[in-house]
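Let me begin by presenting the structure, written as structure tokens, before commenting on it.
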Amino acid sequence: MPDHDSPLLEGLNPAQRDAVSTVDGPVLVVAGAGSGKTRVLTHRTAHLIRDHGVSPFEILAITFTNKSAGEMAQRVSGLVGSAMGDRMWVTTFHKACVRILRRELTRLGYRSGFTIYDAQDSNRLIAQLAKQLGVDDKRLAPRAIQSAISNAKDELIDFETYKQRAGGWPEIQIAEVYEAYQDRLFKANALDFDDLIVKTVELLQLFDPVLEHYQRRFSHLMVDEYQDTNRAQYHLVDLLSGGHGNLMVVGDPQQGIYGFRGATIKNIVDFETDHPDAEVIVLDRNYRSTQTILDAANGVIARGAVKRRAELWTDRGQGAAVVRYHADDEHDEAAFIAEEAEKLRSDGVDFDDIAIFYRTNAQSRVLEDVFIRVGLPYRVIGGVRFYERKEIKDVLAYARVLANPDDDVSVRRIINMPRRGIGDRTIEALDWHARREGVTFLAACRDAEHVQGLAARAVSAVTSFVDLLDLLRTELQQELSTPDLIERIWDHTGYMQELHADRTIEALGREENLRELKSVAQEVQERTGGGLGEAGLGAFLESVTLVSDQDQLEDAEAEEGRVTMMTLHTAKGLEYPVVFLVGLEDGVFPHVRSLSEPLQLDEERRLAYVGMTRAQDRLYLTHADHRTLWGGTSFNPPSRFLEDVPEELVDLRGASRGGSAAKRVRDIEMLEMGGTEFHVGDGVMHTKFGEGRIAALSGEGEKAEATVDFLDHGRKHLMLAYAPLVKVD
DNA sequence: GTGCTGGCGAAAAAT
DNA sequence: TCGCCAGCAC
């Protein structure tokens, strides 16, 4: 079918049509915010399949998060049928690499079933190695070493090269740790996040048959958010598309916000020099925001260093002015948002349509405090992640050791967790033995009785640890399901019992988290077809390793009627009718640590641009006169980005102009506090747990606590001063 | 080896 | 403000 007749081109603007119908050769799509690039990507994919006879099997589409991958796959399926859509690879860089590595990594000498170390695991290992190598952690922190190594990997610099280039201190020490780190990762049969990309590139470079296989396999590649790819990813894409050159990259240099982890717009620049024949298509028509919002955002980005290729425009009309609110402090800022959110709702805006973006995760705290007090429902995306919580990592570490006994980092994590009398000295002796004998840490544990310097008590403690693992392993081999395995882990280790005995609110939360982990395992099992034993465990561990913050939104979408909060970085790619951008003060946003670095400052500016362009109808920019930062009060001037928003677009409001929102909230609160007294037997309502009845009361004043039996959530202990609890009858 | 306490230092974004 | 670690008592 000739391109111009395809129904898949209907309803697209001319630039979008170009992008969809240019199916062969290199294509660069510069897609401004809200310019319908997801539409372009999905229609182009469907067009390839339906009108050009490309098998979905031959299409590789790289997205930034699992969430956007899922959405894209779903939308393509909607256009061409799910039988087709399901056969494509629509996935993130990291997941695509894992899929390739699962098949090919043994070529590099690894054993099958490798483990993926997250940033925390790799930090532990680096700290341990740095200590062994005599690095003074006061002068050179493990974190700094970790980030140096990670940066090197982002640029495909291996430790040999790093070593050669190392001029003096601290590079020489970093090089030593880098080498030891790679050695230990290899022995543990583990890869860190960066290695997933690096090792895939290495495989494609070293083994022609592998390269040819994947080049043939994927006849058409598409990469989204190209401005946020790093050099390693650039080379990966270059290798994979090298045979046929059918590569479309989509990005916007003005939205590049991941420079700190190696992303560089050099990739986009190089794309045009590497492919002089590349078709360049600019999408500058915005379908998301009002002209006022676009003008405000354009004002900010115009002062940036990145040369602009197009200025966004829309025919949506002017819309409401951008509201700039000058708060007294961060409490007032939060109170203003709460008030405004209520007002918007009475005008028919759902809480779901409202989002708050901040520069740092810590800023959510005050917002949450105030929202809880005024009873405004909210959800926070990101922050301390579920899979980074201590109890989750502990239980997962057991699971990981069962899947890969060579995983030293995990073994060391759990050897004394829960406490079984194995202290630092014992661990050191075991480690020493392992290194001398050239065996893994767990092998040293098995050989505890021959380890020098271990007391009889230590030997028996270590032996019982090994026995415990063996017991779990035997059970696993009897085709135990992963959810059951998780339960066995917390039973046999006594982990759950210990938490239960604690009876603090914190411990209760941890218990809940562990149960949540079990239900995640249940879901994974249902989704992946219910593998048991080791196979099921492998599938589970894989699925919990590469989750991104935005993936939380999928679960959160089920919970309606809440204002959403997240960092500006997490907000990338999303859109909301109403957006509050908070903390617009020099030192908060832009962040202090960027103020003296022009490149970083420019990235902050792009971040502001990203944040502002998420808004569809209304944009609020707030800043506080003073706020508590780092334990003291700081007076920060309004953000320099505010100066760049054209004055005529702005509706100025502030504490001095209409009274402080914080004060009004405090007044309401005083009234409510005075008016509410709880009694045993009272019916109550909680924003999260729903209906319940008070079973007991204890403590006084600030410390007053209620024990409440909730209909759906069982018994909870709540601090009355903080709990979003109201009386009902 | 464990558990508590006080002092100190750090404090950005994330697959 | 918080989290981590050293130092100390048990």
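Just so it is clear: chains get the letters A, B, ... in the order the sequence lines come, proteins before strands, and each one is counted from 1.
Comparing A:T567 and A:I422 along DNA chain B, the residue whose closest nucleotide (by nearest heavy atom) sits nearer the 5' end is A:I422. When each of A:Q600 and A:E388 is assigned the nucleotide of DNA chain B bearing its nearest heavy atom, the one mapping closer to the 5' terminus is A:Q600.
Within 4.0 Å of A:Q363, counting heavy atoms only, lies no atom of the nucleic acid at all. Contact annotation for A:Y258: backbone-only contact, meaning every heavy-atom pair under 4.0 Å involves sugar-phosphate atoms and none involves a base. At a threshold of 4.0 angstrom between heavy atoms, the contacts of A:E604 include nucleobase atoms, whether or not backbone atoms are also involved. Contact annotation for A:T65: no contact, since no heavy-atom pair falls under 4.0 Å across all strands. Within 4.0 Å (heavy atoms only), A:D118 reaches no atom of the nucleic acid at all. Among the protein residues, A:T570 comes within range of the sugar-phosphate backbone only, with heavy atoms under 4.0 Å from sugar or phosphate atoms but none that close to a base. Residue A:R606 is classed as having no contact, given no heavy-atom separation below 4.0 Å to the nucleic acid.
Residues forming a side-chain contact (heavy atoms from CB on, under 4.5 Å) with A:T628 (at least two apart in sequence, or on another chain): A:E330. For A:I265, the side-chain contact (heavy atoms from CB on, under 4.5 Å) test picks out A:Q227, A:P253, A:V306, with sequence neighbours left out. Residues passing the salt bridge (charged side-chain N to carboxylate O under 4.0 Å, His left out) test with A:E597, sequence neighbours excluded: none. With sequence neighbours left out, the salt bridge (charged side-chain N to carboxylate O under 4.0 Å, His left out) criterion links A:K199 to A:E202. Qualifying side-chain contact (heavy atoms from CB on, under 4.5 Å) partners for A:S68, counting only residues two or more places apart in sequence or in other chains: A:T63, A:T65. Considering only residues two or more places apart in sequence or on other chains, A:E542 meets the side-chain contact (heavy atoms from CB on, under 4.5 Å) condition with A:V98, A:R102. For A:R627, the salt bridge (charged side-chain N to carboxylate O under 4.0 Å, His left out) partners are A:E333, A:E585, not counting sequence neighbours. Remark: A:R413 engages A:D394 in a salt bridge (charged side-chain N to carboxylate O under 4.0 Å, His left out) (not counting sequence neighbours).
Contacts between residues 412-420 of chain A and DNA chain B, defined by a heavy-atom separation under 4.0 Å, are made by A:N416, A:R419.
Among residue pairs with one or both ends in residues 222-240 of chain A, those qualifying as salt bridge (charged side-chain N to carboxylate O under 4.0 Å, His left out) are A:K37-A:D224, A:K37-A:E225, A:E225-A:K572, A:D228-A:K572, A:R231-A:D270; sequence neighbours excluded.
Nucleotides of DNA chain C lying under 4.0 Å from heavy atoms of chain A occupy a range whose first and last members, 5' to 3', are C:dT1 to C:dC2. With a cutoff of under 4.0 Å to any heavy atom of chain A, the contacted region of DNA chain B is bounded 5' to 3' by B:dG1 to B:dT15.
Side chains of A:T115 and A:R400: no donor on one and acceptor on the other come within 3.5 Å.
Aromatic ring centroids of A:H569 and A:F260 lie under 6.0 Å apart.
Using atom P as the reference point in both C:dC4 and B:dA13, the two lie 15 Å apart (nearest Å).
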